[in-house]
Protein chains: 2
Amino acid sequence: MMLTRVSHFSGEDLVAAKRRATSQDVAARAGVSRTTVSLVLNGVPNVRISEKTRARVFLASQELEYYPDAAARSLVRGLTQTLGVILCQTPDRIFADAFLPEVLRGIGEAAQGNGFRVLLQSVEDITRPAAYLHLVREKRIDGIILSGPRADDQQLLRLREEGFPVVLLGQLEGSGIPFVDVDNIAGAKRGAEHLLSLGHRRIGLITNAPLHYTASAQRLLGYRQALEEWGIGFDSSLVRYGDFHEESGKKAMAQLLDLSPPPTAVFVASDLVAFGAMEAIKSGGLRIPQDTALVGFDDVPLARYVDPPLTTIRLPAYELGARAAAMLLDMIQAKKDGEGLLLDTELVVRESCGLRAREAMLIE
Amino acid sequence: MMLTRVSHFSGEDLVAAKRRATSQDVAARAGVSRTTVSLVLNGVPNVRISEKTRARVFLASQELEYYPDAAARSLVRGLTQTLGVILCQTPDRIFADAFLPEVLRGIGEAAQGNGFRVLLQSVEDITRPAAYLHLVREKRIDGIILSGPRADDQQLLRLREEGFPVVLLGQLEGSGIPFVDVDNIAGAKRGAEHLLSLGHRRIGLITNAPLHYTASAQRLLGYRQALEEWGIGFDSSLVRYGDFHEESGKKAMAQLLDLSPPPTAVFVASDLVAFGAMEAIKSGGLRIPQDTALVGFDDVPLARYVDPPLTTIRLPAYELGARAAAMLLDMIQAKKDGEGLLLDTELVVRESCGLRAREAMLIE
DNA sequence: CTGAAAGCGCTTACAG
DNA sequence: CTGAAAGCGCTTACAG
């Protein structure tokens with residue numbers, strides 16, 4: 001039996017045989033052992049290997065187009081250099097989808113920058129016992145970014161107990177699990193403040209979703225805080241509830257317009273819901289922003305395209321992904337504990353709030 | 001040295017030690033060899049193993065919560081059970097992003113149904129020599145779905161030569177590489193025919209992009225074919241060019257409206273561009289569909305939300321992903337050759353074309 | 001400064 | 001019907 005299987009093959013033979021080069025081949029060509037090849041190519045520190053030897057190894061590796069086999073490396077290292085991204089189908093899917101490409105781009109770039117890959121898994125029913133646990137058990141991933149976490153997810157709690165690195169995109173209150181999320185309170189506060197600063201005092205609120213959604217309750221809170229700081233009492237008759245969808249905004253806005261007097265401005269805590277609100281305003285023969293000023297939340301790609309372009313609070317989708325990945329990589333590589341991270345939003349002023357129109361008047 | 005390292009451990013010991021069970025552990029608990037464990041758990045056919053033995057193996061495997069190590073399995077089998085999805089940044093990113101979640105869902109479900117995983121890689125510059133080749137060389141994936149292929153991509157041609165399974169999402173004309181794409185010609189033809197059937201004879205066209213984009217040229221062709229079949233001459237003065245973005249639609253439509261007489265209907269070969277066209281029509285004081293009827297292409301999520309809701313040609317995003325994955329899996333598993341597959345579009349009638357309004361009139 | 005050898009956890013001829 | 005043994009391609013103590 002032949003122990004050093006192919007060390008007598010030349011690079012040309014390899015190509016002819018369409019066989020990938022192994023570290024054995026590189027070692028043979030460079031005239032060193034596999035140990036040395038591994039040490040050099042992985043840049044292991046505190047190892048005394050002459051520059052000449054290193055150069056020979058690098059050269060041989062290039063000539064043979066050597067790429068280390070990922071499976072072999074994973075097997076011996078116990079690490080895969082792969083992040084698992086678990087996407088859960090939640091009722092706000094339409095909303096989440098609008099940001100998915102940006103979030104994935106953020107995750108991907110942070111991962112790539114650290115030599116990691118991204119394994120993507122969409123899960124319909126996250127509470128199914130083995131929805132994504134097998135990825136961990138089969139050692140396909142070194143850590144998880146979980147989007148749309150749920151409190152009744154048993155796998156999540158179990159992985160957490162075992163100390164497996166997990167970062168949530170979104171929050172699971174009281175769970176103590178590291179997360180990256182938007183600062184919904186501050187964002188909503190800024191949105192309401194913008195309308196207040198424009199002189200509005202009777203400002204309605206249409207939530208993005210029912211209040212049992214964390215983000216929804218937080219955005220309501222931010223709106224209240226803004227009113228309070230400006231010395232304006234909270235009036236629950238000015239609050240209506242959206243449910244992620246455009247239709248709910250239409251209805252909610254119609255109700256607000258029926259009040260007497262109706263609000264002069266409305267903060268809608270979701271762009272999609274705001275699009276519905278815009279329809280209701282227009283079909284009532286009113287103008288935006290002259291009769292009803294509007295500020296949305298999220299800055300979905302289409303917010304700039306609607307008529308009038310929607311002033312809104314930008315959710316930092318790319319950064320959400322990038323920071324989640326960075327945190328997870330820290331947990332994996334530096335064995336750091338994760339934390340809870342709230343990202344700042346940004347006010348994007350377009351036409352629907354009325355600021356631009358006012359500026360134009362002042363200039364004229 | 002201990003060869004059978006832990007075969008004397010019980011399941012409880014494993015849990016206490018927080019060590020994953022190996023096939024060795026399962027073998028020990030079931031009182032058989034690792035060979036038998038592998039044969040039973042993998043359901044290898046034409047192997048005579050008693051039902052009793054099989055049952056013991058399954059039981060032991062369950063009790064120990066055994067999951068085969070993916071790296072070890074890949075190493076010996078030479079297969080990863082993983083599909084690589086490569087996303088290239090092309091100028092139509094905003095457009096492609098709108099469909100990405102659905103496409104990924106389609107790919108994911110087809111993959112999962114066959115026991116495969118999905119590795120996602122976003123690539124800014126696809127022509128960079130090692131943009132995604134390393135995934136193949138390191139044996140991280142068994143096949144590739146490439147979205148947004150380019151003719152100057154050297155890696156692609158090389159992989160193709162080597163016989164590595166690749167399916168394009170989109171086409172690379174003349175390359176002979178298997179692909180899944182939308183039937184743009186038929187789709188555009190249907191869109192134009194719809195307007196013809198509503199009585200329009202002077203129908204403008206705004207393309208989705210410059211004509212050197214395959215999809216753009218194809219959609220123009222479909223529009224021409226429809227006109228010809230209805231005996232209407234092609235009039236190039238009725239054609240304007242979009243560039244993926246909304247703004248281009250605004251300009252193009254303004255030019256069409258300046259014609260005398262202006263077209264009574266316009267087929268816009270992209271929803272996003274159509275949104276711009278809608279703005280131009282409205283800001284010109286005209287009504288949709290009474291003064292200018294409109295049909296778009298793509299059916300982006302927001303097409304139903306604009307005012308009026310846009311009649312459009314639906315691009316089957318989920319199916320695009322699912323079929324590409326299915327084809328790739330066939331190539332990997334059954335060693336089949338891939339083919340070129342054009343998926344049908346669907347006319348989605350909403351308000352902008354005028355059919356609904358006409359139906360309502362007939363009923364009244 | 002460098003190499004021989006063990007071992008990661010599987011699968012698969014091969015032998016009985 | 002079942003098991004002992006080789007081997008997939010790496011990394012990493014360990015020895016010199």
Side-chain angles (χ1 to χ4, degrees), chain A residues 1-7 9 14 19-28 30-57 61 64-81 137-140, chain B residues 1-7 9 14 19-28 30-57 60-61 64 66-81 137-140:
Chain A
M1 213 219 55
M2 192 166 63
L3 270 180
T4 53
R5 279 150 293 130
V6 284
S7 48
F9 269 67
L14 280 181
R19 201 178 58 74
R20 292 172 61 251
T22 66
S23 67
Q24 183 69 262
D25 301 315
V26 178
V32 300
S33 72
R34 284 145 80 210
T35 306
T36 305
V37 171
S38 175
L39 260 26
V40 170
L41 260 30
N42 290 314
V44 176
N46 303 321
V47 167
R48 305 204 144 278
I49 295 178
S50 69
E51 280 312 316
K52 271 193 184 168
T53 306
R54 287 183 191 273
R56 281 213 313 282
V57 170
S61 153
L64 298 180
E65 297 193 76
Y66 171 66
Y67 289 85
D69 183 291
R73 178 175 273 180
S74 291
L75 183 57
V76 63
R77 284 193 182 163
L79 287 174
T80 60
Q81 308 248 87
R137 296 291 184 244
E138 293 172 349
K139 284 205 191 144
R140 289 187 182 271
Chain B
M1 214 217 56
M2 190 167 63
L3 270 180
T4 53
R5 276 148 298 131
V6 286
S7 51
F9 270 65
L14 280 181
R19 201 179 58 74
R20 292 172 61 251
T22 67
S23 67
Q24 183 70 263
D25 300 316
V26 177
V32 299
S33 72
R34 283 146 81 210
T35 306
T36 306
V37 170
S38 175
L39 261 24
V40 170
L41 260 29
N42 289 315
V44 176
N46 304 322
V47 168
R48 305 205 144 277
I49 295 178
S50 69
E51 280 312 313
K52 269 192 184 167
T53 304
R54 287 182 190 274
R56 280 213 314 282
V57 170
S61 153
L64 297 180
Y66 171 66
Y67 289 83
D69 182 292
R73 179 176 273 179
S74 291
L75 182 58
V76 63
R77 283 194 182 162
L79 288 174
T80 59
Q81 309 248 86
R137 297 290 183 243
E138 294 172 349
K139 284 204 192 144
R140 288 187 183 271

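When reading the values below, keep in mind they use all heavy atoms of this one structure, side chains included, and skip hydrogens, waters and symmetry mates. These numbers come from a predicted model, not from an experiment. Labels below follow one simple rule: chain letters A, B, ... track the order of the sequence lines, proteins then strands, and each chain is numbered from 1.
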**OP:** Over all heavy atoms of both residues, which pair between B:Thr80 and A:Arg140 is shortest? Give the atoms and the distance, please.
**Re:**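 Minimum heavy-atom contact is O-NH1, 3.3 Å.
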Subject >> Heavy-atom closest pair, residues A:Ser23 and A:Val37 >> reply: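 Taking A:Ser23 first and A:Val37 second, the nearest heavy atoms are O-CG2, 4.0 Å.
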Original post:
Given side chains that start at C-beta, do those of A:Ser61 and A:Leu41 come closer than 4.5 Å, heavy atoms only?
Top reply: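 Yes, side chains in contact.
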**OP:** Kindly compute the distance separating CG (A:Asp25) from CD (A:Glu65), expressed to the nearest 0.5 Å.
**Re:**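 CD of A:Glu65 is found 13.0 Å from CG of A:Asp25.
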Short side-chain N/O contact from [X] to OP1 or OP2 of [N], under 4.0 Å:
| X | N | result |
| --- | --- | --- |
| A:Ser23 | D:dC10 | yes |
| A:Thr35 | C:dG3 | no |
| B:Thr36 | D:dT2 | no |
| B:Arg34 | C:dG9 | no |
| A:Ser33 | C:dA4 | no |

Original post:
Considering only C:dG9, C:dC1, D:dT11, which nucleotide approaches the side chain of B:Ala72 most closely?
Top reply: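 Nearest nucleotide to the side chain: C:dG9.
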**OP:** Determine the contact category for B:Val32: base if any of its heavy atoms lies under 4.0 Å from a base atom, sugar-phosphate if only primed atoms, P, OP1 or OP2 are that close, otherwise nothing.
**Re:**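 Sugar-phosphate contact only - B:Val32 comes under 4.0 Å of backbone atoms but never of a base.
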Could you give the [atom1]-to-[atom2] distance, from [X] to [N], as a whole number of Å?
| X | N | atom1 | atom2 | value |
| --- | --- | --- | --- | --- |
| B:Asp69 | D:dG9 | CG | P | 17 Å |
| A:Asp25 | D:dG9 | CG | P | 9 Å |
| A:Leu79 | C:dG9 | CG | P | 13 Å |
| A:Asn42 | D:dC10 | CG | C1' | 9 Å |
| B:Arg137 | D:dG9 | CZ | C1' | 17 Å |
| B:Tyr67 | C:dG9 | OH | P | 18 Å |
| B:Ile49 | D:dG3 | CD1 | P | 9 Å |
| B:Arg73 | D:dC10 | CZ | C1' | 20 Å |

**OP:** Tell me yes or no: between the side chains of A:Ser33 and A:Thr36, is some donor less than 3.5 Å from an acceptor?
**Re:**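 The criterion, which ignores hydrogens and geometry beyond distance, is satisfied for A:Thr36 and A:Ser33.
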Original post:
Between A:Ser50 and B:Val37, which is nearer to the 5' end of DNA chain C once each is assigned its nearest nucleotide?
Top reply: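 Closer to the 5' end of DNA chain C: A:Ser50.
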**OP:** Between A:Gly31 and A:Leu75, name the one whose nearest nucleotide on DNA chain C is closer to the 5' end.
**Re:**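 Looking at the nearest nucleotide for each, A:Gly31 comes out on the 5' side.
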Original post:
With a 4.0 Å cut-off, would you call B:Asp69 and B:Arg20 a salt bridge?
Top reply: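 The answer is yes: the pair qualifies as a salt bridge.
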Original post:
How does DNA chain D look in dot-bracket notation if pairs are Watson-Crick or G-U with both distances under 3.5 Å, crossing ones as [ ], other-strand ones as |?
Top reply: |||.||||||||.|||
